Protein chains: 2
Amino acid sequence: MRVSAKVDYAVRAALELAAADNDGAPIKGDRIAEAQKIPLKFLENILSELRRAGIVGSQRGAEGGYWLAKPAASVSIADIIRAVEGPLADVHGTPPEKLKFTGPAKPLKEVWVAARAGLRSVLDEVTLADVVAGDLPPVVADLVASKGAWSRR
Amino acid sequence: MRVSAKVDYAVRAALELAAADNDGAPIKGDRIAEAQKIPLKFLENILSELRRAGIVGSQRGAEGGYWLAKPAASVSIADIIRAVEGPLADVHGTPPEKLKFTGPAKPLKEVWVAARAGLRSVLDEVTLADVVAGDLPPVVADLVASKGAWSRR
DNA sequence: TGTTTGTCTATTGTTTTAATAGACATTATC
DNA sequence: GATAATGTCTATTAAAACAATAGACAAACA
């Protein structure tokens, strides 16, 4: 699982929007870029994609900026990833449920489907609101507590 | 999670070796390539990496070929991935446990650690022997049975 | 000694990634 | 209505990763 710079930036930018309670006024790209150390122009591209996905709203002009277009509790980390990169998981360009393997590799399809489900069990469950509140769902606590979760292998 | 062609090939090649009970005689790269439709030269590069990682053994010359250097039940899918691509998961080039976030993004570290743990819960548990036998561990069955596991989102 | 096979190093073309640039459209304020 | 501040859109680019491919070389066996 390689989390790209783009996804990393997108998630952090969305969190800034979810956290900012700016009396309903839009937040400037500039301010997000500075707060999270993200290259401004790259961030603007990303925020445009999030807008096209209906996750953020925007306003041009002076006093313009961005805001979250949905309740923070209804936007998952996976939603952000899908908005900027497409499907969460694929194998050599194919979605897991469409894979066909032959010979001893046959059961591999179930393995990749399960791997995706393992990822989803975290990324589909955690919302922007959870992260902002620092109160993550039980599934995260369980996984994080599992042996060796914090060490490299 | 993007499973590259290389990882896909490596896992399937390893499964061919795990499945082949060729009276202890080595299996030719040629035969694996054909059975799994993998470009021969690319496969040879991959098998060399698996050999350097101690997962397969090899013999040159006529009657040469490859074999599994360990019991199939002791090699996990994650072992194969790590051998050919390095760590299972990273965020923008950094392993999850070393991440540092600021402001509202602070709890993100736990989220990425949990996501990696979710992946590991499948990929560290499933061995080549499991796949060859078509008898996957309970964690796979559970995840695969979870709602929506087989559909795209 | 010759043939078959794996090993190693290098190279190539394509795609993706991560960013940058600049013209343009919109909005609020003066 | 002019101006300044902002987001939008299209294009470009440099670097890296990806997916192979090539060929000389080394080892093993018949």
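From a predicted model like this one, the values you see are computed outputs, not experimental measurements. Order of the sequence lines sets the chain letters (A, B, ...), proteins ahead of strands, with each chain counted from 1.
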Atom pairs under 3.5 Å: protein N/O with N/O of nucleotides 21-25 of chain C:
| unit_1 | atom_1 | unit_2 | atom_2 | d |
| --- | --- | --- | --- | --- |
| C:dG22 | O6 | A:Lys41 | NZ | 2.6 |
| C:dA25 | O3' | A:Arg60 | NH2 | 3.4 |

Ignoring hydrogens and angles, tell me if any N or O in the side chain of B:Lys109 forms a donor-acceptor pair with the backbone of B:Lys100 under 3.5 Å. no

Specify the separation, in whole Å, of atom CD1 of A:Ile46 and atom P of D:dT8. 14 Å

Would you indicate, yes or no, if D:dC9 has its OP1 or OP2 atom less than 4.0 angstrom from a side-chain nitrogen or oxygen of A:Arg52? yes

Taking only N and O in the side chain of A:Ser48, is any of them less than 4.0 Å away from OP1 or OP2 of D:dG7? no

If I take atom CD in residue A:Glu49 and atom P in nucleotide C:dA19, what distance separates them, rounded to the nearest angstrom? 14 Å

For a 4.5 angstrom cut-off between non-hydrogen side-chain atoms, does A:Trp112 reach A:Thr94? no

What I want to find out is whether A:Glu44 reaches A:Lys41 closely enough, with some N-O distance under 4.0 Å, to be called a salt bridge. yes

Between C:dC8 (C1') and B:Leu50 (CG): distance, integer Å: 16 Å

Residues at least two apart in sequence or cross-chain that pass ring pair (Phe, Tyr, Trp, His ring centres under 6.0 Å) with A:Tyr66, listed by chain then number, are none

For DNA chain C, the residues among residues 32-40 of chain B that have a non-hydrogen atom under 4.0 Å from it: none

In whole Å, I'd like the distance from the CD atom of A:Gln59 to the P atom of C:dT29. 11 Å

Please determine whether residues B:Ile46 and B:Trp67 belong to a single hydrophobic cluster, defined as Ile, Leu, Val, Met, Phe, Trp and Tyr linked transitively by side-chain heavy-atom distances below 4.5 Å. no

Any side-chain donor-acceptor pair under 3.5 Å between A:Ser76 and A:Glu125? no

Nucleotide D:dT8, atom P - distance to CG of A:Leu47 in whole Å: 8 Å

Rounded off to whole Å, could you give me the CG-to-C1' distance for the B:Asp30 and C:dT7 pair? 17 Å

Report all interatomic pairs (protein N or O, nucleotide N or O of nucleotides 12-14 of chain C) with separations under 3.5 Å.
none

Does a side chain donor of either A:Asp130 or A:Thr127 reach within less than 3.5 Å of an acceptor in the other side chain? yes

B:Glu97 atom CD, over 12 foreign heavy atoms within 6.0 Å: yes

Hydrophobic clustering (ILVMFWY, side-chain heavy atoms < 4.5 Å, transitive) - are B:Val91 and A:Phe42 grouped together? yes

Checking B:Arg153 now: which residues fulfil side chain to side chain donor-acceptor pair (under 3.5 Å) with it, not counting sequence neighbours? A:Asp124

Output the rounded distance in Å from NZ (B:Lys28) to C1' (C:dT4). 8 Å

Rounding to a whole Å, what distance do you find between A:Tyr66:OH and D:dT6:P? 11 Å

Any chance the side chains of A:Ser48 and A:Asn45 put a donor and an acceptor closer than 3.5 Å? no

Can you tabulate the close N/O pairs, meaning under 3.5 Å, that link protein atoms to atoms of nucleotides 16-19 of chain D?
| unit_1 | atom_1 | unit_2 | atom_2 | d |
| --- | --- | --- | --- | --- |
| D:dA19 | OP2 | B:Ala5 | N | 3.4 |

Any donor-acceptor pair under 3.5 Å linking the side chain of B:Arg2 with the backbone of A:Ala89? no

Answer yes when A:Glu16 and A:Arg31 have at least one side-chain N-carboxylate O distance shorter than 4.0 Å, and no when they do not. no

Looking at B:Arg51, I'd like to know whether one of its side-chain N or O atoms comes within less than 4.0 Å of OP1 or OP2 on C:dG6. no

Please report the interatomic distance CD1(A:Ile77) to CG(B:Leu108), rounded to the nearest 0.5 Å. 6.0 Å

